[in-house]
Each structure stands twice: as C-alpha cells, then as structure tokens.
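This report concerns only the one structure given below.
This chain uses plain numbering: 1 for the first residue, then up along the sequence.
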Amino acid sequence: MRTAITYFLGASIALAACQSDDLVSDGASFQIDTIETPPGLTAEVAALDFLADGRLVAAFMRGEVMIYEPDTKEWRVFATGLHEPLGLKVINDREILVMQLPELTRIKDTDGDGKADMYETVYDGFGMTGNYHEFTYGPVEDSDGNLYFALNSSSAGGGISAELRGDTLMDGKSREGKPMFSIVPYRGWVMKMKKNGEIVPFASGFRSPNGLGLDAKGRLFVTDNQGDWVGSSPLHYVQEGKFYGHPASLVWTKGWNRGNPFELNADTLNAMREKPAVIFPHNVIANSPTQPVQIRHNKMLKPFEGQFIVGEMNQERLVRIMLEDVKGVVQGAVTPFIDGQGLRKGNNRLVFAPDGSLWVGQSDHGWLGDRGIQRISFTGKTPFDVADIHLLKNGFEMYFTQPIDLGDSIHIAKAIRVRRYNYLYHQKYGSPEVNLKQMSVHKWKISNRGKRLQIDLGEMEKDYIYEITLDSVFNKQRTDTLLNKLVVYTVKETL
C-alpha cells in the first residue's frame, strides 16, 4: 500500500512547535493543546493507545503506525502499509495488535531497532465483499484476556466485488436494495476472540459500530450511528447472544431459519431487539458518536469517576455518559462534556494517558471532521456542572459538583424545563422526534447543602427520552453558571 511519508521512513522527526493553538477554558478546568504531526502525513487519526512509558502510539487511515514522545516532541515511524487500521492495542513496547480493514494483525519489532519487521495475521475469518463501508473496529480486551472487535455492515451505496471472501447468504440484503446489508459473515456483528484464539460471534444487529469500550466491571459498551433502522445514534450495553436492532446480520445467527430478516415486520423485529442503554438525540447531543473511554482513578476528574467520555464526529464536542442500574437494566443519561473552546470536529479516537490527560484523535476520512491530535490536560479545578443523575419513581435527582444558588423559588422553577419524546424504529434513514410532550415540573426540592436537586414530573414512562434543560442556574457564590445546561436521560426501565 502506498504511503504518503516514505521519504522519512526509519527516521525520527522532532517538531519544534509541537504544541500549537494552546487554549485554556474560561473556567480554567482544562487546557487544550494541538499536537503538531509530521509534514507529509495525512493525519486522519484511526487509533490511539499509550505505551507504559508515556509514549503515544497512533495509527492513521492511510496505513501508518507512529510513536510520539511527548517530552522530546519526536515522532518515529513504527509500521506502514496497513489498510485503514481503525483500532490498535499495545501489548508492549515492541508488539502491537492492529485491527485493519481485512484482519487483526500483530506487528512486532523483533530486532529492537524501533521498527516493526514482523506482520502476522491473528484473525481474518470474517467476510468481505469489497464494499467501501466494511470498516472493522477494536480490539478491546477484558480482564480475562478476551478480545472484542466489531464489523461494519455493508453500505447499499457501495458495490460488491466479483470475488468475495467468506460464505454468502443473499438473505442478508433487502430485496429493495436500500438498507445496509450483511451477505458475508459476520458483517454487523460484535465478535469475541477468546484468550485461546477461539472466535465467538458475540452479538448482532449493528449498523456502524465505530466505538467499543469496557467499564471497570468488564461490561462491553458499543456506540452505533444513526441511519436505517437506527432512529438516533445509541450507546449499547452489549451482551452475548443479543440482537441490537439492524436486521441484516440476523442471517448469521446460529440456527437462523426465518428467511430474509428484512421481510419481518418492524413490530416483530422491535420485540426481538435489545434497546439502547443511552440514546444520543440527533442534532441535539451527537450525530456520529465514536469511542467511549471510562474515567478511572483520575484525580483531576473525581466528580465523574466511572463515567464514560465519548467522541463526536460532527461537532466540536465530547460528551459524558452517566449510567446506572435500574431493576437490573443498564440505562442513563448523556450531557456535553467539552463544547468548542478550541476542540475540533472529527473526534474519532480517545485515550487517557498515564498522567491523566485525555488525547483525542481527529479524522475526516470521507466524513465530516478535522485531522490531527489534541491533548486535553485537566487542571484540577472542578467545573460547575451536573455530576450525576438518577431516576426516581416520578422524576429525577441530579447532583452538582458545587452547591447551587438557592435564589428565589420562582427563578428556580422557571430554570427547569423538561420535554420527552422517542424515535421511530423503522427501515427509513433516521427518525424525527415523535410523541413529543412538554412536561410540567410538579414539585422540586434542593437538599444536600445545595448539591442535590429533585424534580417531580408526576409520571415516568418506559422507552422515552427525557430532555432536561437548566437555564440560568448559578453556583452558590454566583461566580459561575452551569457549564452544561442540557442532560438527556433514556428511560428503559422505571421504578
């Protein structure tokens, strides 16, 4: 595969102006630095990870894997010639697993010269049609050493080659030819590779699952992107054997005997699917969510411990996910985390560095976005924000990072606005908001020395999205307004 930077292969590149456009947020809770990438590199960032010594490993869509030394501001080429490598996992300072378009590959520096000289196929047992949309994501590793990766469904807007890889089941394609399809295994699936190398088709029903992440409990979470059969982009809690909504991949379910799944009606498919843990309302929160990373033992982000941060391609935004278990069901809310303030679009890959900073890789590889890498350093100053939210029988309780100004009751009552709606589950591309209702706040209560707000909406219903807006809410000192005024909770289960 041709690479755009062959003229410096084997060399290291020190960039004098590594950090450019340094921006500090108004509240000084974080600083955004733009990392300069080498000249000649098409910096469409496809994957990020860190070596134990604090060096960054970055893969780029044109096929390069490079290592960056933050202290010396030096880039070094580790490997080239890969095909759209949308995920990587560092094994050690000489060995990296890369999830490229056609296979999971082990690249290794066997002679210690700093460059990979061994490229080994770990797994390539999934099907390919040559369709441009057959991206491959992952891997992520659980505590038992199992790896998970995801296979994009094929696009109706792309062709099929005369030569295919893998078995063929044409029932994985709509007779109308419109939606995404899965005619070779296992397009639209999340796959599990056990530590012993055994492959398990883990879960089906995905359209474009461009983000996999594990929480501290070992639970797997996967984002998907709005489109046919996906009314608005979701975050799924993914469990073995379950179906997550896009019909095409059902044909590869062991024992499937129901013919073309597109010929099942929407009500039947809806009853079969596992619904999202969180929905990202389109044009409100996120249009193309990407990789989720969990905040763990980060002393600079203590109020948000255990929560996920998720990238967003279409806006200069990162979002934060607050999850909880309600009667054994994982569900929760999403809110903006960083909005603008120097952050670029195309936030495709996220990784926490050993020092607790968050590194964001951006791409515009045929998508809306930007290119390059930005580092978000946290100062330890806690922003005035919603720290967490929990479902109540008749509403919600919200916790804040700082006490809120009690003010007068008339002002606080006017500050809270709630509306609810849901999305259609259908073959059409996306969905408008439907069943919209403006909710009345029956009662509200502030407690816990101003850090907890309870709102009573009188009624709560399953399968609705509750959009809560808090306008003109100040902290107790009235020095700051709420950093993010919008919190959106997806109710799968009620109390």
Side-chain angles (χ1 to χ4, degrees), residues 47 49 59 82-92 94-108 110 116 118-129 134-154 164-169 171-172 182-224 236-244 246 248-257 261 272 274 291-292:
D49 201 359
L82 298 165
H83 190 176
E84 294 183 342
L86 274 164
L88 66 82
K89 176 173 176 53
V90 167
I91 304 300
N92 54 51
R94 290 193 181 189
E95 182 178 343
I96 299 169
L97 288 176
V98 179
M99 193 79 245
Q100 56 173 324
L101 193 77
E103 66 175 39
L104 178 63
T105 309
R106 177 179 289 107
I107 56 176
K108 193 170 183 179
T110 63
M118 185 191 82
Y119 294 67
E120 177 187 23
T121 298
V122 177
Y123 177 71
D124 64 355
F126 51 87
M128 298 185 70
T129 71
E134 291 177 349
F135 303 114
T136 312
Y137 313 105
V140 294
E141 184 178 17
D142 67 18
S143 59
D144 295 324
N146 303 305
L147 298 176
Y148 300 87
F149 59 94
L151 304 169
N152 233 53
S153 295
S154 310
L164 308 181
R165 185 173 82 179
D167 297 333
T168 306
L169 285 174
D171 273 352
S182 176
I183 64 169
V184 292
Y186 279 90
R187 309 313 316 183
W189 281 73
V190 168
M191 307 293 286
K192 177 180 179 179
M193 175 181 278
K194 294 184 178 180
K195 193 172 184 179
N196 63 7
E198 179 187 354
I199 294 293
V200 177
F202 192 70
S204 64
F206 299 94
R207 182 182 177 275
S208 191
N210 184 26
L212 291 80
L214 292 159
D215 70 3
K217 298 178 181 178
R219 299 181 299 186
L220 177 65
F221 291 87
V222 177
T223 60
D224 208 341
H236 291 293
Y237 166 39
V238 178
Q239 297 172 276
E240 187 170 2
K242 293 194 175 182
F243 163 63
Y244 289 87
H246 196 285
S249 55
L250 283 169
V251 293
W252 301 104
T253 305
K254 187 176 181 180
W256 179 260
N257 60 3
M272 294 167 60
E274 182 71 19
Q291 184 176 10

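- The distance from atom CZ of F243 to atom OG of S249, rounded to the nearest 0.5 Å, is 6.0 Å.
- In terms of modelled atom types and a separation under 3.5 Å, the side chain of R187 and the main chain of G127 share a donor-acceptor contact.
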task = Let me see the working for M272 and L250 under side-chain contact (heavy atoms from CB on, under 4.5 Å), right down to the final yes or no.
result = CA-CA 11 Å; M272 294 167 60; L250 283 169; 3.9 Å; yes
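- Remark: side-chain polar atoms of N152 are not paired, donor with acceptor, to backbone N or O of T136 under 3.5 angstrom.
- Contact record, R94 with T110: NH1-O, 3.7 Å, taken as the closest heavy-atom pair.
- In this structure, W189 CH2 and F126 CZ are separated by 15.5 Å, a value rounded to the nearest 0.5 Å.
- Tested against F221, the residues L214, V140, D215 include a single side chain to side chain contact (heavy atoms under 4.5 Å, CB included) partner, D215.
- At least one donor-acceptor pair under 3.5 Å links the side chain of D142 to the backbone N or O of D144.
- In this structure, the separation between CD1 on I96 and OG1 on T105 is 12.0 Å, given to the nearest 0.5 Å.
- With rounding to the nearest 0.5 Å, the separation of NZ in K108 from CD1 in I91 is 10.0 Å.
- Between the CD atom in E120 and the CD atom in E95 there is a gap of 8.0 Å [rounded to 0.5 Å].
- The aromatic rings of F135 and Y137 are tilted relative to each other, their planes meeting at an angle between 30° and 60°.
- Taking the six-membered ring where tryptophan is involved, the planes of F202 and Y148 are perpendicular, since the angle between them exceeds 60° and thus also 30°.
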request  = Could you go through the side-chain contact (heavy atoms from CB on, under 4.5 Å) check for M193 and V122 one step at a time?
outcome  = CA-CA 10 Å; M193 175 181 278; V122 177; 4.0 Å; yes
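- Checked by atom type and distance alone, the side chain of W252 never pairs as donor or acceptor with a backbone atom of P201 at under 3.5 Å.
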request  = Report the C-alpha separation of L104 and L147 in whole Å, then their side-chain angles, then the decisive distance to 0.1 Å, and conclude whether the side-chain contact (heavy atoms from CB on, under 4.5 Å) test is met.
outcome  = CA-CA 11 Å; L104 178 63; L147 298 176; 4.2 Å; yes
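- In this structure, the separation between CD on E84 and CG on L101 is 5.5 Å, given to the nearest 0.5 Å.
- At least one side-chain heavy atom of P102 sits under 4.5 Å from a side-chain heavy atom of R165.
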request  = Go through the steps for M191 and L151 under the test side-chain contact (heavy atoms from CB on, under 4.5 Å), then give the verdict.
outcome  = CA-CA 8 Å; M191 307 293 286; L151 304 169; 4.0 Å; yes
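- Note: F206 and Y244 have parallel aromatic rings, judged against thresholds of 30 and 60 degrees for the angle between ring planes.
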